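Every value quoted in this text rests on a predicted model; they were computed, and no experiment measured them.
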Amino acid sequence: SIELEKRMGDLFYAAGEYGDAMKHYEAVLAVDPTRKEVVARVADYYVMVGDEALQRKNLEKALENYTRAAELDKLHAAAPAKVMEAEKLIAERDARLEAARADIKAAEELFARAEQLAVTSAYGKAIDFLREAETHFSAVPDEFPVEFQKARQALRTLYTRMREYKDGVISSTQILSGTGFTTDVSALLKGAAQVEAVALQTLIDNEYRQQTRDLEEQLRYEITNFNN
């Protein structure tokens, strides 16, 4: 009978066997959906399940259970507000996911541009693009495992390219210098971060006095980007 179903539900509920309790309560409501005490208890159960899902960051499951509670008990004190909160959290999460994917896309485009520039030995400019790409890849949060892993893998490749392009700057400098170059340009570049800008520029100007103005400008640009 309906009363027996309710008593069985109460017993299971008191014992913490909520799943079994709900089976009996739902049997009661199938016969008499106006039983307010049963409606309230079932709605409370859905809210509890929703709260547990929210703690696990399973937002869709939380929303599903909050919605069931609100629809079952339209006068429930907490369910409607919890529905709104879950919807807000989902919207915010989706916005963060969209931003993460946009960062990956922007970084990939910058990386591709750097690769194109490196083909023409424009290593200084290529390094600039790699640094911009690094900023975007690094912005991807671990909240989204697929996107995060993709960004981490891309960063490993990016750092390899960065080293290659910096080596390219050194090689280009050695080629431009000629055999009579008295200063060790490789050492100069590697230690440039500790040299004041004016002094470094003076050294470079002295070493390239016989070179054309175009070659001097190219070297200054590449040295600046190498050390930034």
*Asks:* Any link between Met22 and Val28 through a network of hydrophobic side chains (Ile, Leu, Val, Met, Phe, Trp, Tyr) touching at under 4.5 Å?
*Replies:*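 In one cluster: yes.
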
*Asks:* Is the NZ or CZ atom of Arg161 positioned over Phe111's six-membered ring, under 6.0 angstrom from the centre and within 45° of the axis?
*Replies:* no

*Asks:* Can you give me the closest heavy-atom contact between Ala21 and Gly9, atom names plus distance?
*Replies:*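 Taking Ala21 first and Gly9 second, the nearest heavy atoms are CB-O, 3.4 Å.
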
*Asks:* Does the pair Glu37/Arg35 count as a salt bridge with the N-to-O cut at 4.0 Å?
*Replies:* yes

*Asks:* With sequence neighbours left out, write down each residue that passes ring-ring contact (aromatic ring centres under 6.0 Å, His included) with His24, or none if nothing qualifies.
*Replies:*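 ring-ring contact (aromatic ring centres under 6.0 Å, His included) list for His24, sorted by chain: Phe12.
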
*Asks:* What heavy-atom pair brings Glu71 and Lys74 nearest, and what distance separates the two atoms?
*Replies:* O-NZ, 3.0 Å

*Asks:* Would you give the length of the straight line joining atom CG of Leu130 to atom CD of Glu132, rounded to the nearest 0.5 angstrom?
*Replies:* 10.0 Å

*Asks:* Got a second to check how far Glu115's CD is from Thr157's OG1, nearest 0.5 Å?
*Replies:*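 One finds 9.0 Å between CD of Glu115 and OG1 of Thr157.
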
*Asks:* Can Glu108 and Lys150 be counted as an ion pair, charged N to O under 4.0 angstrom?
*Replies:*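 Between Lys150 and Glu108 there is a salt bridge, with a charged N closer than 4.0 Å to a carboxylate O.
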
*Asks:* Quick check for you: to the nearest 0.5 Å, what is the distance between Leu117 atom CG and Asp128 atom CG?
*Replies:* 9.5 Å

*Asks:* Give, for atom CG of Leu63 and atom CG of Asn58, the distance between the pair rounded to the nearest 0.5 Å.
*Replies:* 10.5 Å

*Asks:* Quick check: do Tyr159 and Glu134 have side-chain heavy atoms less than 4.5 Å from each other?
*Replies:*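 Yes. Closest side-chain heavy atoms under 4.5 Å.
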
*Asks:* Hydrophobic cluster membership, with links at side-chain heavy-atom distances under 4.5 Å among I/L/V/M/F/W/Y: are Leu75 and Leu29 in one?
*Replies:*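 As far as the 4.5 Å side-chain criterion goes, Leu29 and Leu75 are not connected within one cluster.
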
*Asks:* Are any of the side-chain heavy atoms of Leu72 and Val42 separated by less than 4.5 Å?
*Replies:* yes

*Asks:* Find the distance between CZ (Phe137) and CG (Asp103) and round it off to the nearest 0.5 Å.
*Replies:*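 The CG atom of Asp103 is 9.5 Å from CZ of Phe137, to the nearest 0.5 Å.
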
*Asks:* Give me the atom names and distance for the closest heavy-atom approach of Ala53 to Ala62.
*Replies:*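 Where Ala53 meets Ala62 most closely, the heavy atoms are CB-N, 3.6 Å.
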
*Asks:* What distance do Arg7 atom CZ and Ser1 atom OG have between them, rounded to the nearest 0.5 Å?
*Replies:*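 These two atoms lie 6.0 Å from each other.
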
*Asks:* Under a 4.5 Å cut-off applied to non-hydrogen side-chain atoms, are Tyr66 and Asp51 in contact?
*Replies:*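 With C-beta onward as the side chain, the pair touches.
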
*Asks:* Check for me, please, whether Tyr18 and Tyr46 land in the same ILVMFWY cluster - side-chain distances under 4.5 Å, paths through other members count.
*Replies:* yes

*Asks:* May I ask whether Val146 and Val140 are part of the same hydrophobic cluster, defined by side-chain heavy atoms of I, L, V, M, F, W, Y residues being less than 4.5 angstrom apart, directly or through others?
*Replies:* no

*Asks:* Quick check: closest heavy atoms across Tyr165 and Ala114, and the distance to 0.1 Å?
*Replies:*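 Scanning both residues completely, I find the closest heavy atoms to be OH-O, 3.9 Å.
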
*Asks:* Using a strict 4.0 Å threshold on nitrogen-to-oxygen distance, state whether Arg163 and Asp167 make a salt bridge.
*Replies:*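 Salt bridge: no.
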
*Asks:* Quick one: do the Arg41 and Tyr13 side chains pair a donor with an acceptor below 3.5 Å?
*Replies:* no

*Asks:* Let me see the working for Glu5 and Glu26 under side chain to side chain contact (heavy atoms under 4.5 Å, CB included), right down to the final yes or no.
*Replies:* CA-CA 9 Å; Glu5 292 285 1; Glu26 287 170 358; over 6 Å; no

*Asks:* Is it true that, when you exclude Met84 itself, more than 12 heavy atoms of the residues, nucleotides or ligands shown sit nearer than 6.0 Å to its CE?
*Replies:*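 No, the 6.0 Å shell around CE holds no more than 12 heavy atoms from other groups.
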
*Asks:* In this structure, would Met162 and Leu155 fall into the same cluster of hydrophobic residues linked by side-chain contacts under 4.5 Å?
*Replies:*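 In one cluster with Met162: Leu155, yes.
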
*Asks:* What I want to check is whether the side chains of Asp10 and Tyr25 have a donor and an acceptor closer together than 3.5 Å.
*Replies:*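 Side-chain D/A pair, Asp10 to Tyr25: present.
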
*Asks:* Side-chain contact test, heavy atoms from C-beta onward, threshold under 4.5 Å: evaluate it for Thr67 versus Glu64 and give yes or no.
*Replies:*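 Side-chain contact under 4.5 Å: no.
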
*Asks:* Do you know the tightest heavy-atom contact between Pro80 and Ala70?
*Replies:* N-CB, 4.3 Å

*Asks:* Are any non-hydrogen side-chain atoms of Thr34 and Val39 less than 4.5 angstrom apart?
*Replies:* no

*Asks:* Is the CD atom of Glu98 crowded by more than 12 outside heavy atoms at less than 6.0 Å?
*Replies:* no

*Asks:* Find out whether Ile104 and Glu147 are in side-chain contact, i.e. whether some heavy atom of one side chain is under 4.5 Å from a heavy atom of the other.
*Replies:* yes

*Asks:* Looking at side-chain heavy atoms only, is the closest gap between Glu52 and Lys61 below 4.5 Å?
*Replies:* no

*Asks:* For the residue pair Leu89 and Leu54, establish whether any side-chain heavy-atom pair is separated by less than 4.5 Å.
*Replies:* yes

*Asks:* With salt bridge (charged side-chain N to carboxylate O under 4.0 Å, His left out) as the test, would you mind laying out the steps for Lys82 and Glu87 before giving the verdict?
*Replies:* CA-CA 8 Å; Lys82 288 180 177 287; Glu87 290 175 339; over 6 Å; no

*Asks:* Restricting to non-hydrogen atoms, name the atom on Ala107 and the atom on His136 that form the minimum distance, rounded to 0.1 Å.
*Replies:* CB-CB, 3.6 Å

